[in-house]
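See structure below.
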Amino acid sequence: MLKRKDLLGLRDLGRDEIIEILDTAKEMKKKIDNPALRDCTLGKSSIITLFYENSTRTRMSFMLAGSYLGGIVQDLGVAASSVSKGESLIDTGLNLDKMGVRFMIMRHQMTGAAAVLARNVNASVINAGDGTNEHPTQALLDMYTIRDYLGGFEGLKVVILGDISHSRVARSNAFGLVKLGAEVTLAGPSTLVSGSMKSLGVNVTSDIKGALADADVVMGLRVQFERQKNMPFPNTREYSTLYGINSSMLNYAKKDALVMHPGPVNRGVEFASDIIDGPNSVINIQVKNGVAVRMAILKLLYEAGASTDR
Ligand code: CP
């Protein structure tokens with residue numbers, strides 16, 4: 001059983017904990033389409049989302065997940081909060097703690113910000129993305145989707161393509177997928193993928209066709225222009241020509257390879273539009289699974305807290 005106060009990353013999550021989250025998410029998914037199955041699992045617990053960076057999928061799916069399980073969900077609205085007057089992250093968290101908040105779900109531009117908050121508040125902190133470090137709930141929903149379609153992870157060839165060096169999604173997926181037995185290859189232009197990432201137990205390459213050969217899963221990543229100091233390639237047209245995936249590139253992967261992307265997608269840059277909307281794509285299904293996985297995490301952390309002195 002998940003016995004932790006916070007969910008900060010997949011680096012420190014065990015195999016059994018990952019499986020428990022995925023199994024629980026399978027149960028939770030039924031509640032998305034059938035409101036009659038929604039209940040008060042979270043006992044009207046207060047849930048606050050604090051997003052210091054923008055989000056559509058993660059923020060909304062956490063807000064809906066909390067609502068579907070009977071939580072009281074609010075968004076801090078960081079831009080309109082006293083953060084703009086210079087209030088520190090820890091002081092913001094301590095104030096929310098005093099208001100009886102049970103869950104703080106935070107995205108922050110600083111690596112380690114979620115861990116800092118978690119050390120200083122009583123609430124359970126869920127990392128919704130911290131700098132270039134981790135995005136654990138994205139990786140868990142990706143893993144849920146892969147397991148749902150392909151039955152497991154052992155021996156699967158998963159290729160993650162694109163802006164690897166700025167990607168918390170790539171790091172969290174690498175931690176989780178390697179733990180569950182998949183072979184992970186990180187591929188992209190040499191300016192966006194570093195050989196040092198081999199320490200995660202993955203292959204690293206700039207040979208895109210070689211990486212795609214016989215892949216079971218092709219996961220594209222957005223080029224994160226907002227995190228670049230210098231342009232890592234001459235222009236987006238050149239990037240899409242050399243590193244983008246179109247139907248002839250996808251032919252190098254297995255015929256039924258899953259096409260995945262965490263979103264938001266730059267159409268025509270990392271993937272051609274016909275790949276995004278094509279028969280191999282599970283990109284929209286990932287979004288739905290994200291609600292189920294986030295429900296599972298809220299439920300399991302709530303139950304873990306109920307069984308310990310908080
Ligand atoms: N995948 C993801 O984190 O999307 P958002 O930035 O919209 O939350």
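All ligand and atom numbering here is 1-based and tracks the order in the structure. This structure is a prediction, so every number in the text was calculated from the model and none was measured.
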Requested in this report: Anything under 30° is parallel, anything over 60° is perpendicular, the rest tilted; go ahead and classify Phe271 against His261.
Outcome: perpendicular
Query - Top protein contact for atom 4 (O) of ligand 1, by heavy-atom distance - result: Arg57 NE, 3.0 Å
Requested in this report: Measure from atom 2 (C) of ligand 1 to every heavy atom in Val169, Val265, Asn54, Thr58 and give the option owning the shortest one.
Outcome: Thr58
Query - Over 12 non-hydrogen atoms of neighbours within 6.0 angstrom of CG in Asp39 - result: yes
At a 4.0 Å threshold, what atoms of ligand 1 neighbour a non-hydrogen atom of [X]?
X: Pro262; value: 1 (N), 2 (C)
X: Gln138; value: 1 (N), 2 (C)
X: Thr56; value: 5 (P), 7 (O), 8 (O)

Query raised in the report: Centre of Tyr68's six-membered ring, under 6.0 Å away, within 45 degrees of the axis: is that where NZ or CZ of Arg38 sits?
Result: yes
Report task. Would you please determine whether Arg107 falls within less than 4.0 Å of ligand 1 on a heavy-atom basis? Result -> yes
Query raised in the report: At a 4.0 Å cut-off, with the gap strictly under it, does some heavy atom of His135 reach an atom of ligand 1?
Result: yes
Query - Nitrogen or oxygen atoms of Pro264 and ligand 1 under 3.5 Å apart - result: no
Report summary line: Nearest heavy-atom contact between Asp148 and Lys29 is OD2-NZ, 4.2 Å
Report task. Taking the side chain as every heavy atom from C-beta outward, state whether Leu76 and Thr92 have any pair of such atoms under 4.5 Å apart. Result -> yes
Query raised in the report: Stepwise, does the side-chain hydrogen bond (donor to acceptor under 3.5 Å, both in side chains) test hold for Asn203 with Thr185?
Result: CA-CA 4 Å; Asn203 308 310; Thr185 299; 3.1 Å; yes
